[in-house]
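To keep things clear, I will list the structure first and then write my remarks on it.
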Amino acid sequence: MFMLLTQINAGLLVLIWLVQIIIYPGMHGWDHSRFESLHRAYCRRIALIVGPLMPAQAVLAFYQLAVVGDFVTLTQVMLICLVAGVTVFISMPLHRRLSGGYDAEAVNRLIRTNWLRTAGWSLVWLLDWLG
């Protein structure tokens, strides 16, 4: 079961780096007249991937914490909670703002604040290999 968590962590690591380096900065180049529909399609599609992975990661990490209870797992759980908090309280509101159309400042803020999620999931993955 813990191997599944490691695989989910690796998948989310790859996903967040693609989002951070390619997708979010690329939004500045999207056709502004079609931005609303392109963004809606992006959100719908990314949710198909992230929607099941984030809750599965959280459930498995909390389970591992209950079973193993070590410092590494506790740190991972705290990082996963941080990433979830940034997602719910920062990223999702910015995506709602972008659902109304292109907004350069909202995209820039999404890129800047997404570094928190990128760092969080990177550290979760790194701890899999150090722990």
Side-chain angles (χ1 to χ4, degrees):
M1 175 129 7
F2 300 144
M3 181 55 86
L4 178 58
L5 177 58
T6 300
Q7 293 169 338
I8 290 171
N9 292 341
L12 287 168
L13 172 78
V14 171
L15 178 67
I16 200 65
W17 277 98
L18 288 171
V19 167
Q20 184 63 28
I21 300 300
I22 298 170
I23 296 170
Y24 284 173
M27 287 181 175
H28 286 299
W30 291 2
D31 181 350
H32 294 183
S33 67
R34 297 182 50 228
F35 189 90
E36 190 175 334
S37 64
L38 292 170
H39 182 262
R40 191 176 318 115
Y42 163 75
C43 288
R44 192 173 48 252
R45 291 175 182 149
I46 200 78
L48 293 173
I49 299 166
V50 177
L53 289 180
M54 282 184 71
Q57 180 190 42
V59 167
L60 291 171
F62 275 100
Y63 176 73
Q64 182 170 315
L65 181 61
V67 172
V68 178
D70 64 348
F71 178 75
V72 169
T73 305
L74 175 62
T75 304
Q76 287 179 307
V77 165
M78 292 186 330
L79 288 165
I80 290 165
C81 289
L82 170 74
V83 168
V86 170
T87 300
V88 170
F89 296 112
I90 298 173
S91 301
M92 289 173 68
L94 286 168
H95 279 291
R96 278 193 291 280
R97 183 171 156 188
L98 289 170
S99 69
Y102 179 72
D103 179 334
E105 178 49 37
V107 172
N108 288 335
R109 186 157 184 243
L110 196 57
I111 293 166
R112 281 192 313 273
T113 59
N114 197 58
W115 280 112
L116 295 168
R117 297 191 308 168
T118 304
W121 272 334
S122 296
L123 290 171
V124 166
W125 176 83
L126 186 60
L127 288 168
D128 276 340
W129 297 103
L130 297 177

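A quick note: this is a predicted structure, and the numbers were derived from the prediction, not measured.
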**OP:** Output, in order, the C-alpha distance, side-chain angles, deciding distance and verdict of side-chain contact (heavy atoms from CB on, under 4.5 Å) for Asn114 and Ile16.
**Re:** CA-CA 8 Å; Asn114 197 58; Ile16 200 65; 3.6 Å; yes
**OP:** Hey, could you give me the OG1/CG distance between Thr6 and Leu60, rounded to the nearest 0.5 Å?
**Re:** 9.5 Å
Subject >> From Trp125 atom CH2 to Leu130 atom CG, the distance as rounded to the nearest 0.5 Å >> reply: 9.0 Å
**OP:** Report the distance from atom CG of Leu12 to atom CD1 of Ile49, rounding to the nearest 0.5 Å.
**Re:** 10.0 Å
**OP:** Step through the shown structure and confirm whether more than 12 heavy atoms of other residues, nucleotides or ligands are within 6.0 Å of CZ on Phe2.
**Re:** yes
Original post:
For the hydrophobic clusters of this structure (ILVMFWY residues joined by side-chain heavy atoms under 4.5 Å, transitively), does one cluster hold both Ile22 and Leu38?
Top reply: yes
Original post:
Is there a path from Met3 to Leu65 through hydrophobic residues (I, L, V, M, F, W, Y) whose side chains come within less than 4.5 Å of each other?
Top reply: no
Original post:
Which atom names give the shortest non-hydrogen contact between Pro52 and Ala47, and what distance separates them?
Top reply: CD-O, 3.7 Å
**OP:** To the nearest 0.5 Å, tell me how far His39 NE2 sits from Leu98 CG.
**Re:** 4.5 Å
**OP:** Taking all non-hydrogen atoms of both residues into account, name the closest pair between Thr87 and Pro93 and its distance.
**Re:** O-CD, 4.4 Å
**OP:** Report the residues that fulfil side chain to side chain contact (heavy atoms under 4.5 Å, CB included) with Ser37, sequence neighbours left out, ordered by chain and then residue number.
**Re:** Arg34, Arg40
**OP:** Would you give the length of the straight line joining atom CG of Leu110 to atom CD of Gln20, rounded to the nearest 0.5 angstrom?
**Re:** 8.5 Å
Original post:
Could you go step by step and tell me if Ile111 and His28 meet the side-chain contact (heavy atoms from CB on, under 4.5 Å) rule?
Top reply: CA-CA 11 Å; Ile111 293 166; His28 286 299; 4.1 Å; yes
**OP:** Locate the shortest heavy-atom distance separating Ala106 from Arg97; write the atom from each residue and the value.
**Re:** CB-NE, 3.6 Å
**OP:** With the side chain counted from C-beta on, respond yes when Tyr42 and Val19 share a heavy-atom pair under 4.5 Å apart, and no when they do not.
**Re:** yes
Subject >> Inter-residue atom distance Leu74.CG - Leu79.CG, 0.5 Å rounding >> reply: 9.5 Å
Original post:
Among the clusters formed by ILVMFWY side chains lying less than 4.5 Å apart, do Val107 and Leu18 turn up in the same one?
Top reply: yes
Subject >> Shortest non-hydrogen contact between Trp17 and Ser122, atoms and distance >> reply: NE1-OG, 2.8 Å
Subject >> Where Leu5 and Gln64 come nearest, the two heavy atoms and their spacing >> reply: CD2-OE1, 3.3 Å
**OP:** Might you point out which heavy atoms bring Met27 and Tyr102 nearest each other, and give the distance in Å?
**Re:** O-CE1, 3.9 Å
Subject >> Hydrophobic cluster membership, Met78 vs Leu126, 4.5 Å side-chain cutoff >> reply: no
**OP:** Please list all pairs passing the side-chain hydrogen bond (donor to acceptor under 3.5 Å, both in side chains) test where one or both residues lie in residues 46-61, with sequence neighbours left out.
**Re:** Asn9-Gln57, Gln57-Trp121
Subject >> Hydrophobic cluster membership, Leu13 vs Leu82, 4.5 Å side-chain cutoff >> reply: yes
**OP:** Fit a plane to each ring of Phe35 and Trp30, take the angle between them on a 0 to 90° scale, and name the class: parallel (under 30°), tilted (30 to 60°) or perpendicular (over 60°).
**Re:** tilted
Original post:
If only atom types and distance count, is the side chain of Thr75 paired as donor or acceptor with the main-chain N or O of Phe71 below 3.5 Å?
Top reply: yes
